[in-house]
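Heavy-atom basis, side chains included; hydrogens, waters and symmetry copies ignored.
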Amino acid sequence: MAAEHPPCSIVLEGGVTSAVVYATLLAHLSKHYSFRQLGGTSSGAVAAAAAAAAEFGRRAADGQPNSAFEELSAFPDRLAETRHGRTALYRLFQPTPRGLASFGVAMAALSRSGRDTAWGSAARVALALVEHFSIAALVLALATAGLGAIAAAWLHASLGCSASIDRVLGCASLWALMVSPIALGGLLLLAAWALWITVRALRDNHWGLCSGMGAPDFGAPALTPKLHALLQSLAGRAGLAGLPEGPLLTFGDLWWGPRVDGAWQKTAERKIDLQIITTAVTLQRPVRLPGAPGDHPLREFFYDPQEWQTLFPSDVLAHLKACARPVTLQRDQAPELLALPDPEHWPVLMAVRFSLSFPLLLSALPMYVAVPRREVLRAGSEATQLPFEARKVYFSDGGITSNCPVHLFDAPLPRFPTFGVNLYRRPGDGDPRPVRSDTRDPELDMATTSDSAGWTTPLPFLWAMLSTCLGWRDSLQRRLPGFRERLVHVGLPSDAGGLHLAMTPSTIRMLADQGVEAARLLVRDFATPRTAGQSNAWERHRWTRARISLTALRDHLQAFASRLDAGAPSYEHLLRTAAPTHHPFDGEAARHQAVALAAGVRELMHTLDTIEPADAMDRNAPEPQPQLHLSPPW
């Protein structure tokens with residue numbers, strides 16, 4: 001029974017196929033912990049949602065036998081099932097008919113291993129272009145053959161290539177020199193044609209080759225319906241997912257448990273807090289779904305039910321429409337846009353799909369915002385009474401802005417552990433076993449960093465720049481004391497994880513075993529009772545958090561106190577007497593509280609200054625020392 005286990009939080013990073021690792025890791029952890037808070041991005045969001053659904057099912061069973069986490073543990077084996085040479089994992093990603101050929105070429109490009117050379121990869125992509133764009137390749141081949149025949153006829157007529165064997169060989173060499181640029185040009189034209197077809201397929205499918213829903217001729221459930229059925233099954237609602245009025249798993253269910261007499265028994269604290277990070281790429285910022293209690297991060301956004309029909313199952317759309325807030329956005333000569341319900345009514349699947357939108361592979365989610373009209377109607381044009389226009393906003397993969405969001409659920413003094421899982425590409429000769437350390441991060445270890453002197457083309461440099469842009473914040477935060485000791489690092493070989501949809505069944509099972517080993521490390525270090533004279537990892541983590549939080553708080557308050565008298569008028573004078581028109585205090589009680597807090601900080605820092613030596617807390621402190629900063633509330 002879940003109540004017998006101590007609580008924990010867990011944060012999972014993205015990587016399309018990484019859910020294989022997480023399924024077994026979460027199932028093993030569930031034997032020792034109950035999940036109070038779960039969060040993630042991309043496939044990490046999928047795994048976090050699955051664990052939240054399983055935890056909900058376990059609690060709803062109220063002590064009765066429940067196999068939700070056993071079902072989650074068996075999920076990798078189901079993904080490894082092979083039919084017609086393709087695993088179930090591969091068959092989840094079903095491209096649209098227009099994007100089918102481009103998807104085949106993309107899979108060929110992404111299937112390279114650490115043993116491939118650049119020329120080998122180029123040859124594989126070239127063969128894939130010929131295979132998947134066969135008609136265009138045939139036309140170009142015939143054109144190349146025709147030009148080659150013309151060149152051969154010209155050489156024979158002009159140079160008399162039949163005079164001698166040496167002359168024939170010379171003419172053949174000259175013919176090859178003439179035809180090679182033609183053949184290369186044909187291949188480049190084929191690549192340009194494939195690129196044009198790919199761009200059209202992406203544009204018509206919300207910038208993804210796959211929508212997540214089923215495609216013709218695949219004969220197997222696609223990603224989104226499969227995930228929908230999995231979440232419903234783990235929550236103990238198997239068989240009801242196909243009913244338009246079936247009890248879809250919503251965030252309100254996770255927060256407050258099953259409804260009683262049709263209503264939730266609401267509490268201030270959430271029983272299961274699932275947080276998912278997506279990226280509003282049009283607005284260039286991350287968004288956390290569903291956010292803190294009382295938040296509605298998508299309140300200003302609207303959706304087109306016709307567009308979402310290609311992205312979500314019908315019962316999800318029916319639920320959203322039935323629970324929608326009574327606000328719509330009218331469009332000129334187009335169907336109206338609907339507002340989403342309040343977050344407690346959101347299907348968990350919907351939020352997961354917001355984050356699981358790996359760029360160019362899975363469709364981004366389109367939504368709309370209302371903005372005041374700017375155009376002035378010309379004389380004679382059709383009048384309109386609509387003061388607003390709808391502008392499209394795309395939401396895509398949460399890993400774009402935070403692939404390993406270790407800051408989720410962070411607290412200065414944690415009540416229970418928040419585990420993080422970092423997946424990284426290990427060197428070819430690296431130790432395949434998962435690693436957990438209080439002092440180091442194997443991915444950021446300079447000893448394992450590749451030698452840039454081996455770069456022979458701009459591609460590694462460009463890839464390093466892109467990786468830095470996307471992951472620098474996560475990398476810096478992961479190496480901080482108070483964060484690094486609660487992480488487990490799982491090293492993946494070059495042919496596993498990430499976008500390797502064509503992983504073999506043995507590789508899928510290897511990743512599942514990695515997840516079990518990672519969970520065992522966490523259980524061994526955090527859940528094992530302390531022995532006489534020796535602390536466990538959880539106690540060491542609490543001590544570290546107390547130390548770094550106090551030091552960072554001291555530095556922050558010291559900077560605050562030292563500037564109370566700065567400026568003219570001083571900040572202290574502003575708080576005591578000034579009454580600015582911009583965000584003034586709402587009553588004298590608020591002003592008294594602010595003045596008392598400022599005075600208390602000044603007095604506290606004066607007291608600390610009298611304790612010698614002044615740098616006593618800095619001695620033997622963990623490095624690097626974090627700093628407190630004001631940051632956006634996301």
Side-chain angles (χ1 to χ4, degrees), residues 1-12 22-40 44-45 47-64 66 68-70 72-73 234-236 249 251-258 264-276 288 290-293 344 348 405-421 436 482-483 485-488 515 518-530 535-546 549:
M1 186 173 174
E4 297 176 355
H5 300 314
C8 79
S9 302
I10 192 160
V11 178
L12 305 172
Y22 299 144
T24 51
L25 182 146
L26 292 164
H28 190 82
L29 279 181
S30 70
K31 300 175 183 177
H32 305 271
Y33 289 98
S34 63
F35 295 109
R36 180 75 62 83
Q37 298 168 317
L38 304 105
E55 184 68 44
F56 171 84
R58 179 164 67 173
R59 297 186 186 191
D62 196 22
Q64 299 300 315
N66 180 267
F69 282 105
E70 286 77 5
L72 183 60
S73 179
L234 293 174
L249 181 66
F251 279 90
D253 294 328
L254 298 181
W255 297 344
W256 304 306
W264 287 302
Q265 304 298 310
K266 296 185 178 182
T267 57
E269 188 173 15
R270 296 171 175 175
K271 296 180 179 179
I272 303 173
D273 187 7
L274 174 65
Q275 295 288 334
I276 291 169
R288 183 188 297 182
E344 60 261 32
V348 171
V406 293
H407 59 279
L408 274 178
F409 314 125
D410 197 40
L413 301 176
R415 293 180 297 166
F416 42 80
T418 297
F419 301 126
V421 183
R436 201 208 67 75
F483 294 88
E485 64 270 6
R486 57 181 174 87
L487 293 174
V488 62
R520 286 174 177 167
L521 277 181
L522 294 173
V523 171
R524 181 199 69 185
D525 293 347
F526 280 83
T528 303
R530 62 174 300 179
S535 59
N536 61 12
W538 171 227
E539 189 168 291
R540 294 195 299 272
H541 172 64
R542 294 179 65 216
W543 167 252
T544 302
R545 286 312 298 250
S549 295

Please check this pair: side chain of [X] against backbone of [Y], looking for a donor-acceptor N/O pair closer than 3.5 Å.
| X | Y | answer |
| --- | --- | --- |
| Arg545 | Leu413 | no |
| Ser73 | Glu70 | no |
| Arg486 | Ala537 | no |

Determine the minimum heavy-atom distance between [X] and [Y], stating which atoms define it.
| X | Y | answer |
| --- | --- | --- |
| Lys271 | Arg59 | O-NH1, 3.2 Å |
| Ala52 | Leu254 | O-CD2, 3.7 Å |
| Ile10 | Phe409 | O-CE1, 4.0 Å |
| Phe416 | Ser9 | CE1-OG, 3.1 Å |
| Ala49 | Val348 | CB-CG1, 3.8 Å |

Taking side-chain hydrogen bond (donor to acceptor under 3.5 Å, both in side chains) as the test, write out the residues that go with Arg436, two or more places apart.
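Result, side-chain hydrogen bond (donor to acceptor under 3.5 Å, both in side chains) vs Arg436: Asp438, Asp525.
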Just jot down the side-chain hydrogen bond (donor to acceptor under 3.5 Å, both in side chains) partners of Trp543, sequence neighbours excluded, or say none.
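Trp543 satisfies side-chain hydrogen bond (donor to acceptor under 3.5 Å, both in side chains) with no residue once adjacent residues are dropped.
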Check salt bridge (Lys or Arg N to Asp or Glu O under 4.0 Å) between [X] and all other residues, then give those that pass, not counting sequence neighbours.
| X | value |
| --- | --- |
| Glu539 | Arg530 |
| Arg524 | none |
| Glu344 | Lys266 |

Check the pair Glu485, Arg540 against side-chain contact (heavy atoms from CB on, under 4.5 Å), reporting the backbone distance first and the verdict last.
CA-CA 9 Å; Glu485 64 270 6; Arg540 294 195 299 272; over 6 Å; no
What do the steps show when you test Glu55 against Ser30 for side-chain contact (heavy atoms from CB on, under 4.5 Å), and what is the final call?
CA-CA 8 Å; Glu55 184 68 44; Ser30 70; 5.6 Å; no
Test side-chain contact (heavy atoms from CB on, under 4.5 Å) on Phe69 and Leu234 and set out the steps.
CA-CA 8 Å; Phe69 282 105; Leu234 293 174; over 6 Å; no
Pairs satisfying salt bridge (charged side-chain N to carboxylate O under 4.0 Å, His left out), at least one member in residues 30-39, at least two apart:
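Sorted result for residues 30-39: Arg36-Glu269.
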Can you find a heavy atom in the side chain of Pro414 that is under 4.5 Å from one in the side chain of Trp538?
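Touching, per the 4.5 Å side-chain cut-off.
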Apply side-chain contact (heavy atoms from CB on, under 4.5 Å) to residues Leu38 and Ile272 and explain how you reach the verdict.
CA-CA 8 Å; Leu38 304 105; Ile272 303 173; 3.8 Å; yes
Taking the six-membered ring for Trp, is the centroid-to-centroid distance between Phe526 and Tyr33 below 6.0 Å?
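No, the ring centres sit 6.0 Å or more apart.
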